[in-house]
Amino acid sequence: MTHVPTPAPFDDAAEEYDQRFTATEIGRVLRRSVWRHLDEALAPGSKVLELGCGTGEDALWLAGRGHRVLATDASTAMLDQARRKIEGADLLDRVRFERLDLTAIASQPDPPDAPFDAVFSNFGVLNCVEDCHDLARVLHRWIRPGGRAVFVVMGPRCLWELGWYGLHLRLPTATRRWRGGRPVTIDQGHSLRVWYPGPARLKHRLRPWFEARQTLGIGALVPPTYAAAVIRNRPGLLRRLDELDRRWAHRLSGIADHYLLSLERVDHVAS
Ligand SMILES: C[S@@+](CC[C@H](N)C(=O)[O-])C[C@H]1O[C@@H](n2cnc3c(N)ncnc32)[C@H](O)[C@@H]1O
């Protein structure tokens, strides 16, 4: 794949990303919710394209389950972290890494590993793309007929965000998702523009190449990491909120921090 301008917005966040999110109690609970769904969606030994792999936590899990992964990201610093993690687990034979900027995907040559059985992106990667229409057209070419797509995306209404920042009188932050396309600063470093499409809008932009099968809330009642104070010193609360999230996941996608959209590649698209 071709040149991507550097530095990428997440480069500076790469080193501390796991400490700030992945390795936190809340981060682990949220990621396990996504993995439960992936376990249902992926056939054994699948070939998976991961978009915005970050520090490689999901690639590591996928490789550990016997899947093969092309892990991609726009940030070389993120890819370096991911490579180190996979190397440390001695799983480099199942994971290949490529730098890929989704905003320039239309000009990319097809990866040699295509077609994939599935494409996956976790925790807000698609929020960094203004309009996923072109992305869906390219992915349709890279995914096999009947293949799956699983995207975990920040929605336009997060109950926790409104409540938490509202109570702290930080109203611009509480309502930031209503002003999609404005620059967001990543860990006091670079900024990038972020959009918050709801499930209906995203499904619409992924048509006619992908057809939605399921939408689930991820982190509707489990708080985001910035509100971790709520669960501190309350043993069992996080587990109970996670159980409720799991039970009501189908109903709570409209107020959750993220929603998981599970789709199937449409076989024949009329031209
Ligand atoms: C919030 S992190 C999520 C990382 C990882 N998926 C996870 O679950 O921890 C967002 C990731 O998207 C990547 N990203 C942002 N814009 C991108 C783009 N235009 N193309 C590819 N990756 C991008 C960032 O570099 C970062 O690694």
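As the structure lists them, so they are numbered: ligands from 1, and atoms in each ligand from 1. As the structure is a computational prediction, the values presented were derived from the model and not from experiment. All residue numbers refer to positions in the sequence shown, counting from 1.
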Q. Going by atom types only, do Ser262 and Arg148 share a side-chain donor-acceptor pair under 3.5 Å?
A.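 On atom types as modelled, these side chains qualify, holding a pair under 3.5 Å.
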(Q) Strictly distance-based, threshold 3.5 Å: is any side-chain N or O of Asp267 a donor or acceptor partner for the main-chain N or O of Gly146? (A)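 Judged by distance alone, yes, a pair lies under 3.5 Å.
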Q: Give a yes or no answer on whether the side chain of Asp11 reaches the backbone of Ala8 with a donor-acceptor pair at less than 3.5 Å.
A: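 Yes.
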Q.
For the OG1 atom of Thr24 and the CD1 atom of Ile231, what is their distance to the nearest 0.5 Å?
A.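 With rounding to 0.5 Å, OG1 (Thr24) is 8.0 Å from CD1 (Ile231).
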Q) When you look at Phe116 and Arg68, which way does the side-chain contact (heavy atoms from CB on, under 4.5 Å) test go after all the steps? A) CA-CA 10 Å; Phe116 298 90; Arg68 281 160 300 147; over 6 Å; no
Q: Non-hydrogen atoms closer than 4.0 Å to ligand 1: which protein residues do they belong to? List them by chain and number, please.
A: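 Those residues closer than 4.0 Å to ligand 1 by some heavy atom are Phe10, Tyr17, Arg31, Gly52, Cys53, Gly54, Asp58, Asp73, Ala74, Ser75, Met78, Leu100, Asp101, Leu102, Thr103, Asn122, Phe123, Val125, Cys128.
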Q: Determine which pairs satisfy salt bridge (Lys or Arg N to Asp or Glu O under 4.0 Å) with at least one residue from residues 207-232, sequence neighbours left out, and list them in order.
A: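 For residues 207-232, and leaving out neighbouring residues, the salt bridge (Lys or Arg N to Asp or Glu O under 4.0 Å) pairs sorted by first residue read Arg207-Glu211, Arg213-Glu264.
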